[in-house]
Colleague: 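Handing you this structure, nothing more for now.
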Amino acid sequence: MFSLVPTCKGRHVSKFLPSLRLCCQLFSVATNTLQFSSDGFANENKNDDIDLLFQSCTNVHHAKQLHAFLVVSGKVQNIFLSARLVNRYAYLGDVSFSRITFDLIPRKDVYTWNSMVSAYVRSGRFREAIDCFSQFLLTSGLRPDFYTFPPVLKACQNLVDGKKIHCQILKLGFVWDVFVAASLVHLYSRFGFVGVARRLFDEMPIRDVGSWNAMISGFCQNGNAADALDVLIEMRSEGVKMDRVTATSLLTACAQSGDILSGMLIHLYVIKHGLDFDLLICNALINMYSKFGSLGHARRIFDQMDIKDLVSWNSIIATYEQNDDPMTALGLFYSMQLLGIQPDFLTLVSLASILAQLSDAAKSRSVHGFILRRDFFVQDVVIGNAVVDMYAKLGAIYSASTVFEGLPIKDVISWNTLITGYAQNGLASEAIEVYRMMQEYKEIIPNHGTWVSILPAYTSVGALQQGMKIHGRVIKNCLDLDVFVGTCLIDMYAKCGRLDDALLLFSQVPRKSAIPWNAVISSHGVHGHGEKALKLFKDMLDEGVKPDHVTFVSLLSACSHSGLVDEGQLYFHMMQEQYRIKPSLKHYGCMVDLLGRAGHLNKAYSFIDNMPVRPDASVWGALLGACRIHGNVDLGRIASERLFEVDSENVGYYVLLSNIYANSGKWEGVEKVRSLARNRGLSKTPGWSSIEVNNNVDVFYTANQSHPKCQEIYQKLSDLTAKMKSLGYVPDFSFVLQDVEDDEKEHILNSHSERLAIAFGLISTPPKTPIRIFKNLRDGACSCGDYW
DNA sequence: ATAGGGTTAG
């Protein structure tokens with residue numbers, strides 16, 4: 001027996017009941033009093049009841065009940081009712097049921113087809129919408145009407161498709177319908193064809209706010225806020241008032257282009273016209289203030305909204321997620337759950353990033369599980385990419401790659417995310433391998449994100465020739481003037497020892513933002529050209545570029561590498577007084593390094609004591625490094641004790657301390673530190689040197705024996721040593737930090753990774769070829785992403 | 001009964 005009462009579980013019963021009662025009443029109205037015939041309603045004045053019947057289906061479950069009822073009572077034969085089901089299912093977010101219903105309708109009319117096309121458009125399945133429309137034209141033998149075209153135009157994802165549709169519209173003579181014309185205007189402005197959009201707009205016989213909005217929003221979606229604002233001025237001068245749609249589009253565009261002034265003016269307009277409680281406008285405002293970094297404004301708008309929807313929640317959560325406050329973001333997510341609001345895939349995108357920021361591995365895995373259970377991976381690529389990124393940021397690169405493998409849809413960003421993941425986890429050759437695999441997929445077109453992810457990987461192994469190949473491709477794609485790609489290239493040339501080329505590139509990229517400046521200042525600092533770094537900083541100020549916190553990290557570290565103590569202190573004050581930048585732990589670390597390196601160990605120590613924030617491992621590490629340089633065992637011991645209180649996991653610091661002991665011949669200290677590290681399950685990150693010969697990077701570790709040319713390399717080294725000794729070379733054993741005999745020390749010196757790489761370079765290249773050796777574990781070297 | 005212009009995103 002067929003039941004009319006839907007089962008209702010959970011906490012919405014009280015909300016649910018009235019509509020359920022209404023639904024039942026209407027079912028009885030439908031069964032008892034409505035007369036159906038094969039071509040429509042006999043009783044015309046009952047249409048209102050039919051509307052109510054459909055509208056009372058507020059979830060897919062209701063719709064299925066009604067559907068079943070229509071099937072059982074045979075009324076599904078009525079194509080109007082079936083088409084309405086198609087619409088209703090789409091409205092409730094289940095297009096697959098729309099399609100099933102649609103397919104079962106035997107004799108489809110234009111309304112049926114229009115309903116199916118718009119069902120696809122409504123749920124964002126544009127490709128299927130276009131396919132359905134083509135099927136309509138080819139198989140139905142029916143003539144589309146002017147209801148058909150607006151959704152179809154919206155579904156066009158490129159101008160070629162759009163132009164085809166435009167031609168069909170011209171042939172059928174629907175151009176002057178207000179809606180069709182507005183859709184065409186929107187199409188052209190969306191793809192940046194300002195002139196065509198303009199001409200069509202000017203030719204429209206009737207224009208309302210909607211027509212203006214079509215043009216303005218098209219420009220906004222094309223990232224063209226300036227043109228959109230020009231059209232706005234024109235629109236207002238013709239006496240047409242901005243409405244909620246105009247405001248929403250423009251706010252979004254201002255957010256994207258960073259136009260704070262216009263954004264706030266529109267906000268004022270919105271308040272003045274009483275639109276400040278409109279849901280969509282508020283959502284757009286939250287988003288805009290979030291992009292401007294004004295968390296307070298975003299939050300105030302959110303708190304004052306009396307009706308909030310899922311977009312509002314997602315927006316406010318993303319606001320905190322993207323402005324480095326993952327704790328607050330997570331708290332908001334919990335409040336949302338308490339209110340019983342179901343998260344969608346965009347909520348989960350933010351949540352993945354939040355948990356990565358909090359490095360909460362356990363919660364991250366449960367987020368992954370949640371996404372799997374809800375089948376969100378098939379909904380959109382974005383969510384898959386977010387999970388890959390989450391695992392990569394947590395250092396679980398194996399999980400990241402497993403998720404990547406299993407993604408049902410992969411786009412170029414998925415690949416970029418995995419490449420970046422490997423590169424940032426220190427696995428450059430894996431990153432390079434992924435990039436190689438990506439090139440086997442013809443449909444994946446690399447974009448600027450690809451270059452930004454692969455260039456640092458090449459840089460980190462010193463693969464200059466490979467990197468230059470990418471530089472070539474970048475030029476071909478006209479992306480060499482992109483700030484981010486350009487900065488990666490500058491960083492690459494600089495790290496590979498070609499500062500001149502780095503500077504040449506720097507002179508070509510747009511440098512209104514601090515990003516390329518940060519890279520070029522840092523590069524000079526790392527290479528010990530402190531004066532030049534200061535000169536570049538001065539140029540930056542002269543060109544009116546505002547330095548940011550990264551600039552000062554680069555600058556302070558440049559000062560410390562060149563012993564410019566006074567200058568460093570001056571800039572540390574300038575940063576706070578003049579630029580109101582609160583020093584971060586990185587800045588404090590630089591200052592300790594600056595003082596310590598120059599030998600002012602006690603000053604450095606008291607500087608740490610006077611810090612207003614709790615020093616972290618990097619600050620103590622800087623002091624420890626300085627103690628090593630100046631052989632101060634006592635302070636070194638103090639620094640390391642404090643250091644291991646805050647971070648006992650980083651091997652680098654154990655190595656430093658053990659080197660301090662070794663330098664002063666305290667071998668029992670060395671042994672103690674080593675066993676401490678061993679007991680904590682830590683092993684030393686091996687140092688390596690690499691050299692690129694014939695487009696191939698060879699990596700050498702100390703005392704490497706596994707290289708195919710091993711024998712020749714050691715032979716070459718011993719020849720060279722003999723030659724050097726005959727010219728008066730005496731090995732300096734102070735760099736050997738092991739307690740062994742002198743001939744063993746000489747062997748250790750001879751098998752340093754740099755020497756192996758040089759010897760390999762000499763035997764593998766023709767005479768007079770420049771040999772460029774690249775080392776990991778470089779002091780003060782940062783990765784490219786640190787510049788922005 | 002179906003239609004234009006609008007918010008969140010890796």
Side-chain angles (χ1 to χ4, degrees), chain A residues 40-41 47 50-51 54 78-88 90-91 109-119 121-122 144-154 174 177-187 189-190 204 208-221 243-253 255 278-288 290-291 309-319 321-322 344-350 352-353 356 380-390 392 411-414 416-417 420 449:
Chain A
F41 297 107
N47 274 354
I50 290 289
D51 283 341
F54 278 94
N78 181 308
I79 60 168
F80 290 140
L81 290 180
S82 282
R84 292 211 63 173
L85 271 171
V86 171
N87 294 326
R88 201 65 200 167
Y91 177 82
D109 67 355
V110 184
Y111 171 48
T112 323
W113 283 100
N114 287 350
S115 298
M116 194 58 231
V117 172
S118 63
V121 175
R122 185 190 283 280
D145 61 8
F146 44 78
Y147 284 105
T148 315
F149 289 104
V152 173
L153 285 168
K154 191 176 178 180
F174 294 134
D177 179 83
V178 210
F179 286 5
V180 174
S183 299
L184 279 168
V185 168
H186 183 66
L187 174 91
S189 59
R190 206 167 110 209
M204 280 171 80
D208 60 2
V209 214
S211 331
W212 286 96
N213 286 343
M215 190 151 60
I216 292 177
S217 76
F219 289 144
C220 291
Q221 284 169 17
D243 70 353
R244 48 202 296 273
V245 178
T246 334
T248 313
S249 308
L250 284 168
L251 287 169
T252 312
D278 182 273
L279 180 67
L280 279 114
I281 289 183
C282 284
N283 290 346
L285 280 169
I286 293 172
N287 172 249
M288 182 182 79
S290 160
K291 291 269 155 58
D309 67 354
L310 187 55
V311 178
S312 326
W313 283 97
N314 286 349
S315 304
I316 196 72
I317 291 171
T319 297
E321 175 247 308
Q322 285 163 14
D344 70 349
F345 79 96
L346 287 171
T347 324
L348 271 291
V349 168
S350 289
S353 156
D380 205 294
V381 234
V382 181
I383 183 74
N385 300 344
V387 173
V388 173
D389 192 48
M390 174 185 79
D411 66 358
V412 62
I413 297 176
S414 322
N416 296 349
T417 309
T420 309

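Just so we're on the same page: letters track the sequence lines, and every chain starts at 1. Just so it is clear, the structure is predicted and the values come from calculations on it, not from any experiment.
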Colleague: Measure from the side-chain heavy atoms of A:D380 and tell me the nearest of B:dA3, B:dA9, B:dT7.
Modeller: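 Looking only at heavy atoms from C-beta outward on A:D380, the closest nucleotide is B:dA9.
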Colleague: With heavy atoms under 4.0 Å as the rule, sort A:T417 into base, sugar-phosphate or nothing.
Modeller: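 Contact class for A:T417: none.
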Colleague: Scan A:R122 against the nucleic acid and name what it touches under 4.0 Å (heavy atoms): base, sugar-phosphate only, or nothing.
Modeller: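 Sugar-phosphate contact only.
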Colleague: At 4.0 Å (heavy atoms only), tell me whether A:F146 reaches a base, stays on the sugar-phosphate, or touches nothing.
Modeller: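 Base contact.
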Colleague: Ignoring hydrogens, what is the shortest heavy-atom contact between A:M390 and A:A352? Give both atom names and the distance.
Modeller: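 It is CG-O, 3.4 Å.
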Colleague: Base of B:dG4, side chain of A:N213 - is there a donor-acceptor contact under 3.5 Å?
Modeller: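 Between B:dG4 and A:N213, which were checked side chain against base, a qualifying N/O pair under 3.5 Å is absent.
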Colleague: Drop me the distance from A:N283's CG to A:L251's CG, to the nearest 0.5 angstrom.
Modeller: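 The distance works out to 11.0 Å.
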Colleague: Atom CG of A:N114 to atom C1' of B:dG4: distance rounded to whole Å?
Modeller: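 The distance from CG of A:N114 to C1' of B:dG4 comes to 14 Å, rounded to the nearest Å.
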Colleague: Take the angle between the ring planes of A:F146 and A:F174 and call it parallel below 30°, perpendicular above 60°, tilted in between.
Modeller: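 Aromatic pair A:F146/A:F174 classed perpendicular.
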Colleague: Provide, to the nearest angstrom, the distance between the CD1 atom belonging to A:I317 and the C1' atom belonging to B:dT7.
Modeller: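 It works out to 15 Å between those atoms.
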Colleague: Looking only at side-chain atoms of A:N87, point me to the closest of B:dG4, B:dT2, B:dA9.
Modeller: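 The closest nucleotide is B:dT2.
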Colleague: For the residue pair A:Q221 and A:H186, establish whether any side-chain heavy-atom pair is separated by less than 4.5 Å.
Modeller: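 They are in contact (side-chain heavy atoms under 4.5 Å apart), so the answer is yes.
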Colleague: Between B:dG6, B:dA9, B:dG5, spot the one nearest the side chain of A:F345, thanks.
Modeller: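 Shortest atom-to-atom distance from the side chain points to B:dA9.
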Colleague: Between P on B:dT8 and CG on A:D309, what's the gap in Å once rounded to a whole number?
Modeller: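 It is 12 Å, rounded to the nearest whole Å.
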Colleague: Write down the distance between NZ (A:K154) and P (B:dT2), rounded to a whole number of angstrom.
Modeller: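 One finds 15 Å between P of B:dT2 and NZ of A:K154, rounded.
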Colleague: Quick one: do the A:S312 and A:D309 side chains pair a donor with an acceptor below 3.5 Å?
Modeller: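 Yes.
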Colleague: Please pick, from B:dG5, B:dT8, B:dT2, the nucleotide with the shortest atom-to-atom distance to any side-chain atom of A:V311.
Modeller: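 In terms of side-chain proximity for A:V311, the closest of B:dG5, B:dT8, B:dT2 is B:dT8.
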Colleague: Counting only side-chain heavy atoms from C-beta out, which of B:dG4, B:dA3, B:dG6 sits nearest to A:S118?
Modeller: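 Given the options B:dG4, B:dA3, B:dG6, the side chain of A:S118 is closest to B:dA3.
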Colleague: Quick one: the side chain of A:D177 and the base of B:dG4, do they pair up donor-acceptor inside 3.5 Å?
Modeller: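 Absent.
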Colleague: Heavy atoms from C-beta onward define the side chain here; which of B:dA9, B:dG5, B:dT2 lies closest to that of A:Y147?
Modeller: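 Closest nucleotide among those given: B:dT2.
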Colleague: Let me know the distance between CG of A:L251 and P of B:dT7, rounded to the nearest Å.
Modeller: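 Atom-to-atom, A:L251 to B:dT7, this comes out as 11 Å.
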Colleague: Does A:F179 lie flat on the base of B:dA3, that is, centres under 5.5 Å apart and planes under 30° off?
Modeller: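 Stacking is absent between B:dA3 and A:F179, given that the ring centres and planes do not meet under 5.5 Å and under 30°.
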Colleague: Side chain of A:S115 only, please: which of B:dT8, B:dA3, B:dT2 is the nearest?
Modeller: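 Closest nucleotide to the A:S115 side chain: B:dT2.
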Colleague: To the nearest Å, how far apart are A:D145 CG and B:dA3 C1'?
Modeller: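 After rounding, the gap between these two atoms is 9 Å.
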Colleague: Between B:dG6 and A:S217, is there an OP1 or OP2 to side-chain N/O distance shorter than 4.0 Å?
Modeller: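 So the side-chain polar atoms of A:S217 do come within 4.0 Å of the phosphate oxygens OP1 or OP2 of B:dG6, strictly under.
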Colleague: If I take atom CH2 in residue A:W313 and atom P in nucleotide B:dA9, what distance separates them, rounded to the nearest angstrom?
Modeller: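 For the pair A:W313 CH2 and B:dA9 P, the rounded distance is 18 Å.
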Colleague: Just call it for A:T148: base, sugar-phosphate, or nothing, with non-hydrogen atoms closer than 4.0 Å on any strand.
Modeller: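 It contacts nothing in the nucleic acid.
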Colleague: Does the side chain of A:T420 reach to within under 4.5 Å of the side chain of A:D389, using non-hydrogen atoms?
Modeller: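 Counting from C-beta outward, A:T420 and A:D389 never come under 4.5 Å.
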Colleague: Counting the atoms with a prime plus P, OP1 and OP2 as sugar-phosphate, which does A:E321 contact under 4.0 Å by heavy atoms, base, sugar-phosphate, or nothing?
Modeller: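 Touches nothing.
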Colleague: A:Q221 has an atom CD; how far is it from atom P of B:dA9, in whole Å?
Modeller: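 After rounding, the gap between these two atoms is 14 Å.
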